[in-house]
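Reminder, nothing fancy here: chain letters follow the sequence lines and each chain counts from 1.
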Amino acid sequence: MGVLTACKPPAQTRQHDDAAAQKRGLKLMETKGCGACHEIPGLNWPRGQLGPSLMRFNDTGLIAGYLPNTPVNLAAFIRNAPATKPGSTMPAMPVTVSEAVDMAAYLQGGGRD
Amino acid sequence: MTEGLAGALWGWPPPVLDPAGPYADSVTVLAWALFAMGVVVTGIVVAALWVALRGPERWRRVLGGEKAVWIGGVAFPGVVLTVLLIWGLTLTASLTKPITGDEMRIRVTGEMWWFRVEYLDAAGNVVMRDANEVRIPVGVPVVFELRSADVLHSFWIPHLSGKLDMVPGRTNLLRAEATRTGQFGGVCAEYCGGPHALMGFVAIAKEPEEWQRWFDARVAADSVQPLAAVSTTNPQLAQGRELFMENGCAACHRVAGTQANGLAGPDLTFMGDRATVGAGILPNHRGTLTGWIGDSQGIKPGNRMPSYDRLSAQQLDAIAAWLGQLK
């Protein structure tokens, strides 16, 4: 627990208050098919089990157990996971930088549980 | 331009009453006309009801008389319904007009729970195979020869035509034509068991020249061996191909130019060129393809492809990488 809290940046640096970005983020997660591998808050179908659940991602200390859960890291990971975490089996996604930022905002904004 | 499924399918489920061709046009006009008639008739009935309950004595006497029954109960509906029937049949006559033989022919077979697609030449020979996707040239009349391999399905592209059942043992002919380019969502519109609600496809309309180039390339690749499928120096792609052959995928799926020759499932010769994964339900990219191979039962419960969850994520990724470059 001590390690996790140490890795987790203070809440105020991670919080996105941009509700519009979060809304776009959820829509993107739906249209890009992220649910094929992940359980995503606010998305009823699909709820893939192949990858880790993304429920309560805001409480996750490390992205993929590797990177501090910051907006920049998360957006980079969503866009190109193997380049961000060598060996990651999540493939690079066909999303733009701003789309990845919106999706990160949604996941870190707590989502709709 | 939005990407992904919503972009690919222009709304999901595909919106009705938004025609993109002459056949869907007539269905849409008829639907609005019937709706307008319904509104008028409901208005008359409500007005008559008000007169009967609250209206002046003189009006009520007229309404209760024999003449009102003859006019309102016999003459009016008789005339209106006859006119409507004749007009409706004339309007939609184009949907059922005989096939001239000059139309483009595409055979679509409903399977539990996907669509087998075969492009036919004028003689009825299969010249190219695909699945869950039909591509047509703009402005060219198309006849879909609809069949079913198992139970009742129904073929419906709301933007392009009416819906028509796919009946086992029969071939039903459906006319369609697109007057503008675009990607139009299609669905199975007849409950066919299990994951019926997740049985979709895409119709893509392209400019005729563009379509012809695409079609010629496809026909050539389908008969000759696509190089990408046969030889590769990329170790991950080679591994993906090997895993595909070793793990029984080839028993149900065909990839032209390889020993994969299964016919039970969708043809994967051009998997990388397809708009969707899982029969019109997910956008097609490396991630969704990986997810589908590893967890197809989680995504589309009850479908006939097993989840290959015994493969490692790295192995699934390799297969998806190989399939994704088959174009």
Residue B:Leu198 versus chain A: region with a heavy atom under 4.5 Å:
side chain

Using a 4.5 Å cut-off on heavy atoms from C-beta on, say whether the side chain of B:Ile281 contacts that of A:Trp45.
yes

Between B:Gly291 and A:Leu50, what is the shortest heavy-atom contact and its length?
CA-CD2, 3.6 Å

Short side-chain to backbone donor-acceptor contact, B:Asp295 and A:Gln49, under 3.5 Å
yes

Within a 6.0 Å radius of atom NZ on A:Lys23, are there more than 12 heavy atoms belonging to other residues, nucleotides or ligands?
no

Taking every heavy-atom pair that is under 4.5 Å apart, which of B:Gly298, B:Gly294, B:Ser296, B:Ala320 has the most such pairs with chain A?
B:Gly294

For B:His285 and A:Gly33, indicate whether the former's side chain and the latter's backbone hold a donor-acceptor pair under 3.5 Å.
no

Chain A contacts: which residues in residues 299-317 of chain B have a non-hydrogen atom closer than 4.5 Å to it?
B:Ile299, B:Ala313, B:Gln314, B:Leu316, B:Asp317

Considering all heavy atoms of both residues, which atom of B:Leu282 and which atom of A:Ala36 are nearest to each other, and what is their separation?
CD1-CB, 3.8 Å

Is there a side-chain contact between A:Cys37 and B:Thr288, using heavy atoms and a 4.5 Å cut-off?
no

